[in-house]
Visitor: 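Okay, here's the structure, questions in a sec.
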Amino acid sequence: MQLDVRPGATPVDVFRYAPEGLAVIDADARFLEANPAARALCGLPGGAVAGLPSPFPAPDPAAPPGAGSAAEATVEWRTGPGGRREFAYLVDRVPDREQWVVSFRDVTVSRQQQRRLAAIATAASSVATKRSLVGTLEALAREVARTDSLAGVQVLTVNSTGDRLHVMGAAGFVRTPDFFDKLVACRARGARLVMLDALQSRQPLVLADRYDAVMQDPAWEPLHEMMGTPKWDWFASVPLLARGEPVGILNAFFAPGQTVGDAELEFLLAMAEQAAMAVDHAALLERERDVASREERQRLARDLHDSVVQQVFSMMMQARSLGVLVERGLPPTPEKVAQVADDLSTSAEDVLADLRGMVVELRPATGTGRGLDSALRSLVDTTGARTGLDATLEVDDPAGELTRLDADLLEDVYRIIAEAVHNSVKHASASTMRVAVSVTSHGSRRRLVAEVSDDGCGLGDGDRVPETSSPGGFGMTAMQERAARWGGVVRVRSLSPSGTRVHLTLPLLPSLPTTTNDDEEPAP
């Protein structure tokens with residue numbers, strides 16, 4: 001360390017005027033002396049500092065003088081409520097004493113910048129590698145909260161129709177199943193939801209002292225208890241923009257003592273950009289699924305040609321053979337007529353079964369307008385009628401939550417169950433099938449659980465199929481991708497003594513309407 005001091009300066013002057021922190025500590029890591037720079041950096045009170053705890057760990061008393069580390073170490077120090085600093089320091093022993101001189105400097109800003117760059121890189125890697133949008137945004141929320149030591153972070157996305165926001169990632173706050181119900185209640189009482197303003201304006205919004213404003217506003221009373229812990233202060237809401245269009249919101253709740261400056265906002269904007277890329281990537285996958293759906297329709301057309309058309313052609317030729325015999329004056333014998341009639345009946349049954357199966361595969365889940373329960377009832381009844389399977393459906397939804405779920409989620413749930421039913425009919429050689437759907441609690445969260453089980457031949461090895469594998473080819477892959485879209489998983493297992501079970505688990509994501517009432521007055 002080089003100091004620019006006036007000629008003839010004494011060691012005391014060097015200690016006093018040094019721009020870096022200089023301190024003397026004892027074997028208990030307590031201050032003995034500290035220069036003005038050290039006092040300012042550590043937030044020490046005026047007067048004597050002897051006996052006050054220092055940020056620096058206790059050195060090894062057995063270390064000889066001059067044995068201090070040549071490389072700087074770093075340490076974190078809390079200077080007060082919400083105040084946090086990081087110091088890079090060197091320490092060396094005072095000869096003949098159990099005392100150590102510490103020279104240190106503030107590296108809070110540079111270390112913070114390093115963490116932010118690492119967080120952005122981590123988020124970018126997550127966007128590129130994770131298959132689940134929920135998993136990506138959960139990881140991103142945790143990364144934002146950890147990097148800037150925030151009180152809480154939320155990442156919400158807009159659904160396909162643009163009328164609701166879904167919470168896809170969160171960190172910091174305790175999860176409660178009725179948080180968004182109470183948020184809607186606050187909004188109905190006139191509370192201003194800043195994130196909706198940011199979503200509509202497509203600009204980030206930052207509010208100082210937001211915690212006090214919320215806690216003092218009676219419109220927010222339903223959420224006062226939930227939002228009181230952990231305590232926070234400043235609030236920032238940053239829209240997620242993909243191709244210029246808002247696809248979600250990133251909300252950041254800053255701890256007391258933290259403020260939102262240019263560096264903080266730039267970090268949030270960078271992380272919001274990564275979140276928007278994840279949402280856009282998920283939308284691209286959805287478009288690819290649409291392409292796959294069109295390819296599946298083409299497959300059905302080929303199946304119609306390869307099975308139904310061929311069978312109908314065979315029926316036509318059998319009927320024509322009887323006409324040819326009559327035209328030649330050779331009336332067919334009763335045995336011949338009975339044989340042809342039996343063949344025609346069998347072929348007709350096969351054609352009807354194939355057509356019914358294709359109709360079931362093409363049936364939309366939500367297009368009937370009657371909800372998931374009715375769509376599944378139709379699927380199970382039709383499957384039982386055309387195959388002879390003893391097929392049953394059980395729906396456990398006492399609060400009627402299924403009727404309030406997002407249409408896209410219901411469509412994916414139906415498609416997953418329909419594919420599992422189709423696989424069971426096609427491959428299992430079963431006599432019974434059970435479809436069960438329920439809404440259950442998992443800690444503070446709600447989730448949808450669906451099972452399709454049969455008493456067929458099973459998988460053959462008795463092992464569970466990992467959700468990352470793709471038994472059955474495209475069908476199983478599509479099931480897993482549909483589940484991953486909502487943060488869910490599909491698992492397949494052989495049952496004992498025989499049979500297969502397909503198990504779907506989906507977390508039910510809370511949501512919030514994006515529209516505002518024209519007569520709603522924002523709270524001050």
Side-chain angles (χ1 to χ4, degrees), residues 80-82 141 144-145 148-159 162-240 246 248-260 264-265 268 399-401 404 441 443-446 508-524:
V144 174
D148 272 9
S149 302
L150 302 185
V153 174
Q154 296 170 335
V155 183
L156 304 92
T157 62
V158 180
N159 67 351
D163 60 356
R164 297 193 74 85
L165 282 167
H166 295 287
V167 179
M168 303 290 272
F173 290 112
V174 176
R175 299 180 187 272
T176 54
D178 58 347
F179 175 84
F180 268 76
D181 292 337
K182 293 188 176 182
L183 185 60
V184 172
C186 293
R187 183 181 175 188
R189 294 162 63 111
R192 178 191 178 193
L193 272 60
V194 176
M195 63 178 168
L196 297 186
D197 296 340
L199 187 71
Q200 293 167 3
S201 68
R202 306 183 186 186
Q203 296 293 328
L205 295 178
V206 178
L207 295 180
D209 306 320
R210 181 61 175 162
Y211 179 88
D212 291 338
V214 167
M215 291 303 165
Q216 294 169 11
D217 187 348
W220 286 95
E221 192 277 332
L223 275 175
H224 279 171
E225 182 177 355
M226 290 185 187
M227 298 189 71
T229 305
K231 193 172 182 181
W232 48 280
D233 189 2
W234 284 50
F235 173 78
S237 190
V238 181
L240 315 183
I249 285 289
L250 188 154
N251 293 329
F253 301 80
F254 287 77
Q258 294 178 319
T259 59
V260 183
E264 289 76 16
L265 187 56
L268 293 180
E401 294 179 65
R404 301 192 296 270
S441 295
S444 62
R445 283 184 160 187
R446 305 287 286 167
L508 296 183
L509 305 173
S511 63
L512 175 76
T514 59
T515 55
T516 57
N517 298 327
D518 293 337
D519 57 350
E520 183 179 85
E521 291 293 334

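Being a predicted model, the structure only gives us computed values, none of them experimental.
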Visitor: Taking the side chain as every heavy atom from C-beta outward, state whether Tyr211 and Met227 have any atom pair closer than 4.5 Å.
Guide: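 A side-chain contact is absent here, since even the closest heavy-atom pair is not under 4.5 Å.
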
Visitor: What residues form a side-chain contact (heavy atoms from CB on, under 4.5 Å) with Ala198, not counting sequence neighbours?
Guide: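 For Ala198, the residues satisfying side-chain contact (heavy atoms from CB on, under 4.5 Å) (neighbours in sequence not counted) are Leu205, Ser237, Pro239, Ile249.
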
Visitor: Which heavy atom of Ala141 sits nearest a heavy atom of Gly169, and at what distance?
Guide: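 Looking at all heavy atoms of both residues, the shortest contact is CB-C, 3.9 Å.
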
Visitor: What pairs with Thr157 under side chain to side chain donor-acceptor pair (under 3.5 Å), at least two apart in sequence or on another chain?
Guide: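 Side chain to side chain donor-acceptor pair (under 3.5 Å) check on Thr157 returns nothing, list empty.
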
Visitor: The criterion is ring pair (Phe, Tyr, Trp, His ring centres under 6.0 Å); which residues satisfy it with Phe254, sequence neighbours excluded?
Guide: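 Counting only residues at least two positions away or on another chain, Phe254 forms no ring pair (Phe, Tyr, Trp, His ring centres under 6.0 Å).
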
Visitor: Quick one: list whatever passes side-chain contact (heavy atoms from CB on, under 4.5 Å) with Leu207, sequence neighbours left out.
Guide: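 Per chain and number, Leu207 pairs via side-chain contact (heavy atoms from CB on, under 4.5 Å) with Arg192, Val194, Arg210.
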
Visitor: Test Val155 against every option in Asn251, Leu240, Val167 by the side chain to side chain contact (heavy atoms under 4.5 Å, CB included) rule and name the one that passes.
Guide: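 Single pass found, and it is Leu240.
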
Visitor: My understanding is that only residues two or more places apart in sequence, or in another chain, count here; which of them pass salt bridge (Lys or Arg N to Asp or Glu O under 4.0 Å) with Asp148?
Guide: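 If we apply the salt bridge (Lys or Arg N to Asp or Glu O under 4.0 Å) test to Asp148, skipping adjacent residues, the hits are Arg116.
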
Visitor: Is there a donor-acceptor pair under 3.5 Å between the side chain of His224 and the backbone N or O of Val214?
Guide: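 Answer holds: yes.
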
Visitor: Out of curiosity, Met195 CE to Gln200 CD, how far, rounded to the nearest 0.5 Å?
Guide: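 Answer for the CE-CD pair, Met195 versus Gln200, is 11.5 Å.
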
Visitor: Leu199 vs Val158, test: side chain to side chain contact (heavy atoms under 4.5 Å, CB included). Steps then yes/no.
Guide: CA-CA 10 Å; Leu199 187 71; Val158 180; 4.1 Å; yes

Visitor: Please name all residues satisfying side chain to side chain donor-acceptor pair (under 3.5 Å) with Glu401, sequence neighbours left out, ordered by chain then number.
Guide: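 Glu401 satisfies side chain to side chain donor-acceptor pair (under 3.5 Å) with Arg446 once adjacent residues are dropped.
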
Visitor: Evaluate the side chain to side chain contact (heavy atoms under 4.5 Å, CB included) criterion for residues Trp232 and Gln258: first the C-alpha distance (whole Å), next the side-chain angles of each, then the deciding distance (0.1 Å), finally the verdict.
Guide: CA-CA 9 Å; Trp232 48 280; Gln258 294 178 319; over 6 Å; no

Visitor: Quick one: closest heavy-atom pair of Lys231 and Ala151, and the distance?
Guide: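 Looking at all heavy atoms of both residues, the closest pair is O-CB, 3.8 Å.
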
Visitor: If you take all heavy atoms of Ala191 and Ala219, which pair is closest and at what distance?
Guide: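 Of all heavy-atom pairs spanning Ala191 and Ala219, the closest is N-CB, 3.7 Å.
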
Visitor: Taking Arg164's backbone N and O only, do any of them form a donor-acceptor pair with Asn159's side chain (distance below 3.5 Å, no angle check)?
Guide: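 Yes; judged by distance alone, with no hydrogens or angles, the pair exists.
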
Visitor: Sorted by first residue and then second, give each ring pair (Phe, Tyr, Trp, His ring centres under 6.0 Å) pair with at least one member in residues 186-210; sequence neighbours left out.
Guide: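 Qualifying pairs: none.
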
Visitor: With a 4.5 Å heavy-atom cut-off, do Asp209 and Phe235 have their side chains touching?
Guide: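 Not in contact.
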
Visitor: With sequence neighbours left out, what residues match Thr259 under side-chain contact (heavy atoms from CB on, under 4.5 Å)?
Guide: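 If we apply the side-chain contact (heavy atoms from CB on, under 4.5 Å) test to Thr259, skipping adjacent residues, the hits are Trp234.
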
Visitor: Can you list the residues that meet the side chain to side chain donor-acceptor pair (under 3.5 Å) rule with Arg202, with sequence neighbours excluded?
Guide: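 Scan of Arg202 (side chain to side chain donor-acceptor pair (under 3.5 Å), adjacent residues dropped) gives Glu245.
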
Visitor: May I ask you to test the Pro204-Leu268 pair for a side-chain heavy-atom distance under 4.5 Å?
Guide: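 In short, these two side chains do not touch, never coming nearer than 4.5 Å.
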
Visitor: Calculate, to the nearest 0.5 Å, the distance between atoms CD and CE belonging to Gln154 and Met168 respectively.
Guide: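 Output value for this atom pair is 14.0 Å.
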
